[in-house]
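Working notes, beginning with the structure itself.
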Amino acid sequence: MLPKQPTPIDVQVGNRVRIRRMLIGMSQEQLGDLLGLTFQQVQKYEKGVNRISAGRLYEVARILNVPVDFFYGDLAAALSPDANETESSVPPEMEFVSSGEGLQLSLAFMKIKEAKVRKRVLDLVKSLADEEEQK
């Protein structure tokens, strides 16, 4: 018997839980306490290893102060009959934003209020990426 693999939907929902939890500055342990779970179980949910039941997802949405459909994002479009099923994995942008570094970079960038400074930071990052690409 093959071990159970997470589905793209489980991974998407887990990533969205992680992103929202981190955006509001909540630890896995804090979310687990509010749900009556261990932080390890929250980790498994966030990785998509364990599926989140409908009732539990409702509680997570309530705790994280988002509607339940937040966790599904644009998944319906990716899984529509017209979409290629092999393309239903997590988009690279979502993967980046849900990473620790990606989230920290996004949060820090959002704190910069001056448009000129934001543009210069963006230009710097693009320049560094271009240099990496040319190597």
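If you're wondering where the values come from, they're calculated on a predicted model, not measured in any experiment.
No donor-acceptor distance shorter than 3.5 angstrom exists from the side chain of Gln134 to the backbone of Glu131, with no hydrogens or angles considered. For Asn15 (side chain) and Gln12 (main-chain N/O), no donor-acceptor pair under 3.5 Å exists by modelled atom type.
Under the 4.5 Å side-chain heavy-atom criterion for grouping Ile, Leu, Val, Met, Phe, Trp and Tyr, Val117 is connected to Phe109 within one hydrophobic cluster. With hydrophobic clusters built from ILVMFWY side chains whose heavy atoms lie under 4.5 angstrom apart, Leu105 does not share a cluster with Val125. Val11 and Val49 sit in two unconnected hydrophobic clusters of ILVMFWY residues. Membership requires side-chain heavy atoms under 4.5 Å apart, directly or through other members.
Side chains of Ser127 and Asp130: no donor on one and acceptor on the other come within 3.5 Å.
Remark: Gln40 pairs with Thr38 by the side-chain hydrogen bond (donor to acceptor under 3.5 Å, both in side chains) rule, at least two apart or across chains. Annotation: side-chain contact (heavy atoms from CB on, under 4.5 Å) contacts of Arg20 (sequence neighbours excluded): Ile24, Leu64, Asn65, Val66, Phe70.
In plain terms, the two heavy atoms of Val68 and Ala61 that are nearest each other are CG2-CB, 3.9 Å. Contact record, Gln43 with Gln28: CG-OE1, 3.1 Å, taken as the closest heavy-atom pair. Annotation for Leu37 and Arg56: closest pair CD2-NH2, 3.6 Å, computed over non-hydrogen atoms.
Counting heavy-atom neighbours within 6.0 Å of Tyr58 OH, excluding the residue itself, gives a total of 12 or less. More than 12 heavy atoms of other residues, nucleotides or ligands shown are found within 6.0 angstrom of CZ on Arg118.
For the atom pair CD1 of Ile52 and NZ of Lys44, the computed distance is 13.5 Å after rounding to the nearest 0.5 Å.
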* Asked: Could you walk me through whether Met22 and Leu107 pass the side-chain contact (heavy atoms from CB on, under 4.5 Å) check?
  -> CA-CA 10 Å; Met22 292 176 76; Leu107 291 172; over 6 Å; no
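Contact annotation: the side chain of Val60 never approaches that of Arg21 to less than 4.5 Å [non-hydrogen atoms, C-beta and beyond]. Between Phe39 and Leu31, every side-chain heavy-atom pair lies at or beyond the 4.5 Å cut-off. Between Val17 and Tyr45, every side-chain heavy-atom pair lies at or beyond the 4.5 Å cut-off. Residues Asp33 and Gln30 are not in side-chain contact: their nearest non-hydrogen atoms beyond the backbone lie 4.5 Å or more apart.
Within the hydrophobic cluster formed by Ile, Leu, Val, Met, Phe, Trp and Tyr side chains joined at under 4.5 Å, directly or through other members, Leu128 is accompanied by Leu124.
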